[in-house]
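Within every chain, numbering begins at 1; the chains are lettered A, B, ... in the order of the sequence lines, protein sequences first and strands thereafter.
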Amino acid sequence: MDERQTFQTDTLNGWKRSHHCAELGAEHVDQEVCLMGWVQYRRDHGGLIFIDLRDVNGLTQVVFSPEVAPEPHSRAHVLRTEYVLAIKGTVRPRPDDMINPKMKTGAIEIEVSEFKLLNASKTPPFVIEDRAEVSENLRLKYRYLDLRRSQMTRNLVLRNRTAQAVRRYLDDLDFLEVETPVLTKSTPEGARDFLVPSRVNQGEFYALPQSPQLFKQLLMCGGLDRYYQIVKCFRDEDLRADRQPEFTQIDIEMSFVEEEDVMSMAEGMVRRIFRETLNKELAETFPRMTYDEAMERYGVDKPDVRFGLELKTVTDIVRGSGFRLFAKAELVKGMRVPGGSVLSRKEIDDLTDFVRIYGAQGLAWIKIKEDDWQSPIAKFLSEEERAGLKEALELEVGDIVFFQAGAPDMVNAALGNLRLKLGERFELIPADSFAPLWVTDFPLLEWDADAKRYVAKHHPFTAPQTGHIDTLGTEPGKALARAYDLVLNGSEIGGGSIRIHTPAMQQEMFTALGIDEEEARAKFGFLLGALEFGAPPHGGIAFGLDRLVMLLSGARSIRDVIAFPKTQKATCLMTEAPSRVASTQLRELGLRLRENVKEEKNG
RNA sequence: GGGGUCGUAGUUAAGCCGGUUAUAACGCUGGCCUGUCACGCCAGAGGCCGUGGGUUCGAGUCCCAUCGGCCCCGCCA
């Protein structure tokens, strides 16, 4: 054990903090203050000792002087990084030539008259500084130290401000915050559930909610009119930089509304969040784009509209081309990159490797040069095709144009992601800009190739657009949903819909999904029952709080806006969860692990 | 389930084509220092090179496996 930890420490014993560290300034000069916090830096000159004291909101320099207070000064030599102090002293102005302009409190310092050592600290495994580059596994293992860094503290403060802005906004509009169950029923549509075994009902399981979707609809059936909840949701799927197995949703539902009502409410909420967190004003109404248009122009359903590089379909132009790959492809799209002919062969090779991730076989390209087109495929293109491409893609000298041909999903994924990559490469994305966008008119259903059936794109309670229920039987892929997503800078931050509120339409929907009445009753009987007793028309939306705060803070990872996040393998490095449990616990639940079953058989 | 990448003092990294005692910076410990502010100066300690196999006279370095962090594909209604 660290010898330093055996130091005598003090209790507060009546001392009260008078200020936070970073709030002191010239206006406090000559005041007696009491600060409490951690030793950020110590500069022990043998004579004077300077300590930068840190608390949740910043730093203040405190000075131990042998003349002013000999006893505290002699005790202060033992102070080290991250020791916890309470100090009493007087705010003094610093001499003009000793003002530190880099520090918020650089014009003053505290002349210490007495101090208490509240706790010692081992040498921390990494320096508590924003500029420290520490591996993430170490940060996560010692998360309580990582959170002391001001960047992490700022992120959590921003998260709180966001949540408070949401609460104020929705409260002003008479929304009611209602808690919904965390132990609930597994609904095997959609994401994989986290399951919780029931001790009282052995062999049966609760599921943790993927979202409170059904409960918020039932609250509308319960006549509560307007509901919201800032709520944890759980999905047992693989993680990403912007995905955690447990995440927080701003969940909202309203009765007697249509799309416009929900969307304008949501716009107001996002505007208020931006005003109260970043002091930024967003437009009164957000631009809108249909799903089809987003896929056509950007290749994705969550386009980043802060920059151009749009995609163009050129299938018809190259239909009879000598380039067979183009001629026979179901879809051919091109993306013009103005000035892109500066890309080197090496860079283009790297981009080719990049699009292979999305299933592309290769990457066709043409550099538009002064005299000719430079391209591996130019020789296959007729004069007519060249003219057609030049006109359609508005090609100019100095451009490069990339093509992708094949199945629409692949073409859009490859070019859509290439677009984002090139947007960064050519620095086309303006810093500090926020471009919200509604994406509307989503397909109601999508084909699930594995299950060989149509599944709900959103969820099976999303209402079809007027008239589109009729085509469900004949052309299921064509029906549109009354659904809308809110996209911000290429991230989906919210999504919602108007729900089905009559039993007849809900039944039609289940039929289209291949769910028979018996199955529907077993899985969603409680919702169907509620619809039968006069459910009001209703709809809502849910926002991903973590992603929203990520965008507001500029964090590169969702983990940086969550106090105690999981690693990519869904473990917590600090608590070492998940972990094995005692066999008695398993027995109480009526569970046996497969490995134990094997042992029992063998032994 | 798959692809990529990283793992070397407490930390962050360097370590060439396999070859003597594995470097550096910061941190840490001790000493000196009354105006520093990422203080400075002097001295010192600190290593199972993720782990396990293999190739070799010899492995931090090459090969295989495995564990862990990160990024991505699939997946995420």
*A/Arg559 (side chain) and B/rG69 (base): donor-acceptor pair under 3.5 Å*: no

*asked:* Over all strands shown, is A/Pro66 touching base, sugar-phosphate only, or nothing at heavy-atom distances under 4.0 angstrom?
replied: base

*Under 4.0 Å between any heavy atoms, over every strand shown, what does A/Asp97 touch: base, sugar-phosphate, or nothing? Just pick one.*
nothing

_Contact nearer the 5' end of RNA chain B, comparing A/Ala456 with A/His77_ = A/His77

*What does A/Arg131 touch in the nucleic acid at a heavy-atom separation under 4.0 angstrom: a base, only the sugar-phosphate, or nothing?*
base

_Counter-base of B/rC75, judged by Watson-Crick or G-U geometry with both distances under 3.5 Å_ = none

*How far does the P atom of B/rC17 sit from the matching atom of B/rC70, given to the nearest Å?*
31 Å

*Mind checking A/Thr571 for me? I need base, sugar-phosphate or nothing, with any heavy atom below 4.0 Å counting as a touch.*
sugar-phosphate

*Is there a donor and acceptor pair, one atom on the side chain of A/Arg243 and one on the base of B/rC75, closer than 3.5 Å?*
yes

*Starting at the 5' end of RNA chain B and moving along, which residue's nearest nucleotide shows up first, A/Asp238 or A/Phe461?*
A/Asp238

*Of A/Ile562, A/Leu548, A/Leu545, A/Val549, which meets side-chain contact (heavy atoms from CB on, under 4.5 Å) against A/Thr248?*
A/Leu545

*Give a yes/no verdict on a cation-pi contact between A/Arg75 and A/Phe115, requiring under 6.0 Å between NZ or CZ and the six-membered ring centre and an angle within 45° of the axis.*
yes

*Quick one: label A/Asn100 by what it contacts on the DNA or RNA (base, sugar-phosphate, nothing), any heavy atom closer than 4.0 Å.*
base

_Cationic N near anionic O, under 4.0 Å, A/Glu446 to A/Lys457_ = yes

*asked:* For a quick test of reading the model: is some side-chain N or O of A/Thr123 closer than 4.0 Å to OP1 or OP2 of B/rG27?
replied: no

*Using a 4.0 Å heavy-atom cut-off across all strands, classify A/Gln568 as base, sugar-phosphate, or nothing.*
base

*Within 45° of the ring axis of A/Phe354 and under 6.0 Å from its six-membered ring centre, is that where the NZ or CZ of A/Lys421 lies?*
yes

*Report the distance from atom CD of A/Glu133 to atom P of B/rA25, rounded to the nearest whole Å.*
18 Å

